[in-house]
J.: 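Structure provided below as structure tokens; questions to follow.
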Amino acid sequence: MVKYFCCAGLLKSTWDQVCIAFWQRYPNPYSNHVLTEDIIFREVTPTNCLISRRLLTKHSRAPRWMERYLPKHMASSAYVIEDSIVDPQERTMTTLSWNISHARLMSVEERCVYQINPENNSWTELKREAWISSNVYGLSRAIQEFGLARFKTSVTKTMKGFEYVLAKMQGETPSKTLAVTATERARETAMAAKEKAKDLASHAQKKQFV
């Protein structure tokens with residue numbers, strides 16, 4: 001039995017910008033779990049398609065109930081193969097990724113297609129599909145549910161990371177930076193209010209003893 005997931009996304013940037021950002025996604029504040037990325041091979045076909053294969057090393061903490069089935073040195077890391085084809089003629093970029101570690105325990109395959117949005121050619125639409133499977137007798141359903149929940153969470157972070165990199169490329173202030181700045185300003189305001197309250201309280205106590 002395989003768990004299937006499908007969703008669509010929209011990036012408000014051109015297809016060319018998205019393709020460039022794809023190779024510059026790491027690092028970003030939403031992808032701290034991605035430790036390394038290595039190009040295994042890359043070539044240009046006679047039809048000018050760019051074909052690449054990368055190896056990604058990720059920090060992936062398994063739940064405690066799953067750790068008993070994993071070697072200690074593999075319980076907190078995962079290796080993922082990512083294939084991609086960029087077709088400049090059709091204006092599409094297709095990626096296919098799958099895990100090569102823990103594959104007997106749980107297999108996650110993801111396919112993404114990036115293409116120009118038909119309603120606005122300055123935007124890029126993304127179709128994402130995933131297949132999650134497990135062959136562990138008696139635990140396959142629980143493992144698949146866990147994998148699906150984690151995948152959905154990672155999709156949100158992936159899109160935010162993509163948007164962060166695109167904003168940075170275009171000279172805009174990334175939303176993450178805006179959020180941090182707002183938090184810092186709120187903290188400064190709260191500290192100032194706290195100090196003012198202390199000062200007022202101190203003056204009030206002095207008046208009582210005068």
J.: Would you check, one step at a time, whether the test side-chain contact (heavy atoms from CB on, under 4.5 Å) holds for Leu148 with Phe5?
T.: CA-CA 8 Å; Leu148 179 60; Phe5 175 77; 3.8 Å; yes
J.: So Arg104 and Asn135, do their side chains get closer than 4.5 Å, heavy atoms only?
T.: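 With C-beta onward as the side chain, the pair stays apart.
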J.: Would a 4.5 Å heavy-atom cut-off, applied to side chains only, mark Arg128 and Thr158 as touching?
T.: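 Side chain of Arg128 against side chain of Thr158, heavy atoms only: contact under 4.5 Å found.
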J.: Please determine if Glu82 and Arg25 form a salt bridge, counting it only when a charged side-chain N lies under 4.0 Å from a carboxylate O.
T.: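 Yes, this pair counts.
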J.: Given side chains that start at C-beta, do those of Ser107 and Asn99 come closer than 4.5 Å, heavy atoms only?
T.: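 Yes, their side chains come closer than 4.5 Å.
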J.: In the structure I gave you, are the side-chain heavy atoms of Thr47 and Gln89 within less than 4.5 Å of one another anywhere?
T.: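 Answer no - side chains too far apart.
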J.: I'd like to check Trp98 versus Asp83 (side-chain heavy atoms, cut-off strictly below 4.5 Å). Are they in contact?
T.: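 Result yes, sub-4.5 Å side-chain heavy-atom pair found.
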J.: Determine, for Lys3 against Glu145, whether the closest basic-nitrogen to carboxylate-oxygen distance falls under 4.0 angstrom.
T.: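 The answer is yes: the pair qualifies as a salt bridge.
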J.: If two hydrophobic side chains count as joined below 4.5 Å and joins carry through other members, does Val86 share a cluster with Val44?
T.: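 Yes, one cluster joins them.
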J.: Can you tell me if Arg141 has over 12 outside heavy atoms packed within less than 6.0 Å of its CZ?
T.: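 Open: at most 12 neighbouring heavy atoms sit under 6.0 Å from CZ of Arg141.
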J.: I'd like to check Met106 versus Gln144 (side-chain heavy atoms, cut-off strictly below 4.5 Å). Are they in contact?
T.: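 No, their side chains stay 4.5 Å or more apart.
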J.: Kindly assign one of parallel, tilted or perpendicular to the pair Trp131 and Tyr4, based on the angle between their ring planes and the thresholds 30° and 60°.
T.: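 Aromatic pair Trp131/Tyr4 classed tilted.
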J.: Using side chain to side chain contact (heavy atoms under 4.5 Å, CB included) as the criterion, list what pairs up with Arg91, not counting sequence neighbours.
T.: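 By the side chain to side chain contact (heavy atoms under 4.5 Å, CB included) rule, Arg91 matches Trp15, Asp16, Ile116.
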J.: Do Ser13 and Gln170 meet the criterion of a side-chain donor-acceptor pair at a distance under 3.5 Å?
T.: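 Yes, because at least one side-chain N or O of Ser13 sits under 3.5 Å from a partner of the opposite role on Gln170.
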J.: Would a single hydrophobic cluster contain both Val18 and Met159, if residues Ile, Leu, Val, Met, Phe, Trp and Tyr are joined by side-chain heavy-atom contacts under 4.5 Å?
T.: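 Yes.
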J.: Could you see if Ile100 belongs to whatever hydrophobic cluster contains Leu96? Use Ile, Leu, Val, Met, Phe, Trp, Tyr and a side-chain cutoff under 4.5 Å.
T.: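 Yes, Ile100 and Leu96 fall within the same hydrophobic cluster.
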J.: Does Leu139 share a hydrophobic cluster with Leu105, counting links as ILVMFWY side-chain heavy atoms below 4.5 Å and allowing steps through other members?
T.: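 Yes, one cluster joins them.
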J.: If we only count heavy atoms from C-beta on, is the Val80 to Val108 side-chain gap below 4.5 Å?
T.: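 Of all side-chain heavy-atom pairs linking Val108 with Val80, none is under 4.5 Å.
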J.: Should the heavy atoms of other residues, nucleotides or ligands under 6.0 Å from CD of Glu129 be counted, would the total exceed 12?
T.: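 For Glu129, atom CD is crowded (more than 12 foreign heavy atoms under 6.0 Å).
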J.: Within a radius of less than 6.0 Å around OH of Tyr79, do more than 12 heavy atoms belonging to other residues, nucleotides or ligands occur?
T.: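 Atom OH in Tyr79 is not crowded, with 12 or fewer foreign heavy atoms closer than 6.0 Å.
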J.: Would the number of heavy atoms belonging to other residues, nucleotides or ligands and lying under 6.0 Å from CD of Glu43 be above 12?
T.: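 Yes, because the 6.0 Å sphere around CD of Glu43 holds more than 12 heavy atoms from other groups.
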J.: For the residue pair Trp23 and Ser84, establish whether any side-chain heavy-atom pair is separated by less than 4.5 Å.
T.: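 Sidechains of Ser84 and Trp23: in contact.
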J.: Applying side chain to side chain contact (heavy atoms under 4.5 Å, CB included), can you list everything that pairs with Asn120, at least two apart in sequence or on another chain?
T.: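 Checked Asn120 against side chain to side chain contact (heavy atoms under 4.5 Å, CB included); matches are Asn117, Ser122, Trp123.
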J.: Parallel, tilted or perpendicular: which fits the ring planes of Phe162 and Phe22, with parallel below 30° and perpendicular above 60°?
T.: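 Rings of Phe162 and Phe22: tilted, as their planes differ by 30° to 60°.
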J.: Using the rule that two of Ile, Leu, Val, Met, Phe, Trp, Tyr join whenever any of their side-chain heavy atoms come within less than 4.5 Å, decide whether Val2 and Val136 are in one cluster.
T.: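 Cluster IDs for Val2 and Val136 differ.
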